[in-house]
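Here the structure is laid out as structure tokens; the discussion comes afterwards.
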There are 2 protein chains.
Amino acid sequence: MSDLPVRQGSLREHNLGLVLRQVANAPRPPSRADIAAATSLTRATVSALVDDLITGRLLAEVDPAPRAGAGRPAAGLVLAANGPAGLGLEINIDYLAACVVDLAGAVRHHRVRHADQRPRRPAEVLGELSELAATARADAEREGVEVAGAAVAVPGLVSAGGLVRLAPNLGWRGVDVPDGLGLDGLAVTVDNEANLAALGELHASQQTPASFLYVSGEIGIGAGIVLNGALYRGARGWSGELGHVAVRPDGPACRCGARGCLEQYAGQEAILHAAGTVDTEDLIRRAEDGDPATRAALTSAGTALGVAVAGVVNVLDVDTVVLGGVYAPLSRWLCPAVEAEVERRVLTAAWSPVAVRRSMLGADAASVGAAGAVVREIRDHPARWLTRALPLTP
Amino acid sequence: MSDLPVRQGSLREHNLGLVLRQVANAPRPPSRADIAAATSLTRATVSALVDDLITGRLLAEVDPAPRAGAGRPAAGLVLAANGPAGLGLEINIDYLAACVVDLAGAVRHHRVRHADQRPRRPAEVLGELSELAATARADAEREGVEVAGAAVAVPGLVSAGGLVRLAPNLGWRGVDVPDGLGLDGLAVTVDNEANLAALGELHASQQTPASFLYVSGEIGIGAGIVLNGALYRGARGWSGELGHVAVRPDGPACRCGARGCLEQYAGQEAILHAAGTVDTEDLIRRAEDGDPATRAALTSAGTALGVAVAGVVNVLDVDTVVLGGVYAPLSRWLCPAVEAEVERRVLTAAWSPVAVRRSMLGADAASVGAAGAVVREIRDHPARWLTRALPLTP
DNA sequence: GGCAAATAATTCAACCGTTGAACAAATCGT
DNA sequence: ACGATTTGTTCAACGGTTGAATTATTTGCC
């Protein structure tokens, strides 16, 4: 119920987006006539809209596909591969990442630099990330795509304007990320890592459902909530703090000050401790080898996770739960325990099953999701891109 | 991101709604010029839109308010009191209710019939409710308002088409409510009691926040989730099952089959049992008299409720929790305990407080909310009402 | 009392985006 | 080679908004 007036121009804006999404979601390059049929706009209107999109470098024509039957061959339309692209950046506990995704969703550049970020000062971290970003941008521009904006994934709570209010496991408090990056002339947005990973998951595949819960297991446990195809960020942008949902109200003390938080049962450190190791690679190896203590630790973590997830599903009624972050490689052993609790505790599970599955993108979900969020913005609002302030060509 | 094409007519539809909402939300009757200034539409356009709305009996002109300064006096615009109205019906464990709310939000008719519905067959209950509805409708029509549709609040899970899939405390399973009511020629929607009560609360006051959690304490515990000014119903319409969120994973068995559900700690029956009485009126009296066992029972229930609510707030990031149903008259004793747990367990509570308060509408929230939902639909989509199939006047 | 200033509402030609029909372009089947 | 068929474009018409001009109605001031 947007309370903005609608003028003639808004019509155009909406329909440009409609056509663009139609091309994006089609299984194969559609013709102008296909789009007209699918949208119930007239061929004349679609032609006019497509012209605008082609001159704006958002769409491109491809050779007509060989067709059966008579008639003039149709020119196929695809999202432009040399149009605008999104730059996705990720700051995590033990790595930095940068990637570029073009309008069609293809990953054109991707680079990860592993290193523990906890001992470093925020300015150092942002400086190195800025270098990664510059490399990515130069690389992309060499391929002929223009980076239209950047999104940064951070494992913490983010306020409007890109201020990281609190990133507990990184030890950050009140860090201005766009300022520290200093990417001149590029629009930079900052968001929670789980939120962007959830968006990545949403766009990774056509069959991802419109509403789901993405659970990101790292040192902390975050969740990205997608409802009806849109990310839900909460009243103040701080939704998804699944790690601090109570599993046992009088359980062990959590560093947040409360007791019995999920993080104490299913956080990365709790699992490693229970399994008697300090390294995730090692944990996976032991689980594969069938080590009983490791298996027991994972079942126990899965059960706790299942209790918390079941609570969320009871309240939100989503039919899919996606396990990401470190949970993704561990999902083989976690899923059964999570599913059992969900089955038992979700009121509607009896006649309407809830699917629990691993992330399709794995560890790259957040950075790819961040880049995808940038191009998705253009895809959903092409008029803003087409009418942007163009850099003066001297 | 609606994927519908936008034609010229959609323009009109949107702007009709815009003007109507502008009138609805104004503190005093605005003039056409006021609306033009507020919406940035031109006065010419607003005049044309207002004409349509007046001839369609959705708006009315009132005498010009005395103005300071020179100039032609402005004709004030108000929502028509003799236009369409909504019929709200409620089926609850121990009463039936019917009410009529006009476009301006005024309750024009309200009647409650107390009786335990559990021993009766669904058909009987629906028959009596149908009588209540007919009386309400006749009463409203005598006052000159036309009932445009009905909404029914039910304490249970509702599928599309108005089928009550499960209402555990009523003992209903697979009951077709619109069919059983048989309100000829009237569009009937059916929804969960907590959902409609949440909508009632949302529209009860201008300062209700756009995102909040409405908790309806009855024999079961339901929740209505309002996000960004809209009710969130879940992927399948079964959101808000707060009563079956786990408070202690290995607590007492719940009739849903799981263990330690909130309902076992803070449901009406659990509270009554812990306080040593069987009647809610008596419970309130004892609490007022300061009976220690009663006060302890309420604190204990409030704490359990607080644990569950804190989990939801951590995940959804709403800044307001409204206690309704039987919790409303008990809120004086429940709120402190709920607030304490929320304060302790919500990660962001430290710098951004979460308000816990009682419902403003109390027991009438669901029926008034149901009626309000009907008129709200017209207010948000006036074009659908204006172009409806008119009954032939012979 | 009369007149200028001010504000509200309506009228009307112009403009913008979509529509639908007519038309041109390109291919297939016979 | 020619008609059938489908794609894509052209163009007059239409619906809805715009902005300026016009009319309507009041206050304030001389």
Side-chain angles (χ1 to χ4, degrees), chain A residues 4-19 22-23 26 28-55 59-77 382-383 386-387, chain B residues 4-19 22-23 26 28-55 59-77 382-383 386-387:
Chain A
L4 296 166
V6 172
R7 15 180 75 44
Q8 315 273 107
S10 326
L11 249 179
R12 244 310 122 113
E13 283 178 35
H14 179 103
N15 286 340
L16 282 168
L18 182 61
V19 168
Q22 208 60 233
V23 174
R28 70 217 115 72
S31 66
R32 293 163 173 77
D34 290 337
I35 296 170
T39 57
S40 85
L41 292 167
T42 62
R43 291 204 310 269
T45 305
V46 171
S47 274
L49 292 164
V50 165
D51 281 356
D52 281 10
L53 291 169
I54 288 178
T55 56
L59 283 185
E61 282 190 333
V62 292
D63 280 341
R67 15 175 306 95
R72 169 175 169 178
L77 296 167
L386 295 177
T387 61
Chain B
L4 296 166
V6 173
R7 14 178 106 331
Q8 313 273 106
S10 327
L11 243 177
R12 208 80 261 240
E13 284 177 34
H14 180 104
N15 285 340
L16 283 168
L18 182 63
V19 168
Q22 207 59 234
V23 174
R28 73 219 111 72
S31 66
R32 292 162 172 78
D34 291 337
I35 296 171
T39 58
S40 85
L41 291 168
T42 61
R43 292 205 308 267
T45 304
V46 172
S47 275
L49 291 165
V50 166
D51 281 356
D52 280 10
L53 291 169
I54 287 179
T55 55
L59 283 184
E61 283 190 331
V62 293
D63 280 343
R67 16 175 305 96
R72 171 176 167 178
L77 295 168
L386 295 177
T387 61

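A, B, ... follow the sequence lines: proteins, then strands. Residue 1 opens every chain.
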Look up atom [atom1] in [X] and atom [atom2] in [Y], then write down how far apart they are to the nearest 0.5 Å.
{"X": "A/Leu18", "Y": "A/Leu41", "atom1": "CG", "atom2": "CG", "answer": "6.0 Å"}
{"X": "A/Leu59", "Y": "A/Leu16", "atom1": "CG", "atom2": "CG", "answer": "9.5 Å"}
{"X": "B/Arg32", "Y": "B/Thr45", "atom1": "CZ", "atom2": "OG1", "answer": "13.5 Å"}

Quick one: is [X] getting a side-chain N or O under 4.0 Å of the [N] phosphate, OP1 or OP2?
{"X": "B/Ser47", "N": "C/dT10", "answer": "yes"}
{"X": "B/Arg12", "N": "D/dT17", "answer": "yes"}
{"X": "A/Ser31", "N": "D/dT6", "answer": "no"}
{"X": "B/Arg7", "N": "D/dC14", "answer": "no"}
{"X": "B/Asn15", "N": "D/dG16", "answer": "no"}
{"X": "B/Thr45", "N": "D/dT17", "answer": "no"}

Rounded distance in Å - CG (A/Asp34) to C1' (D/dG8): 12 Å

Between C/dC16 (P) and A/Leu49 (CG): distance, integer Å: 16 Å

Any N/O donor-acceptor pair, A/Arg72 side-chain to D/dT7 base, under 3.5 Å: yes

No-H, no-angle donor-acceptor pair, A/Arg43 side chain to D/dG8 base, under 3.5 Å: yes

Among D/dT7, C/dG20, C/dC16, the nucleotide that comes nearest once only the side chain of A/Ala33 is considered: D/dT7

Nucleotide nearest A/Pro73 when distance is taken to its side chain, options C/dT19, D/dG19, C/dT27: C/dT27

5'-most by nearest nucleotide on DNA chain C - A/Gly9 or B/Ala48: B/Ala48

Of B/Thr42 and B/Gln8, the one whose closest DNA chain D nucleotide lies more 5': B/Gln8

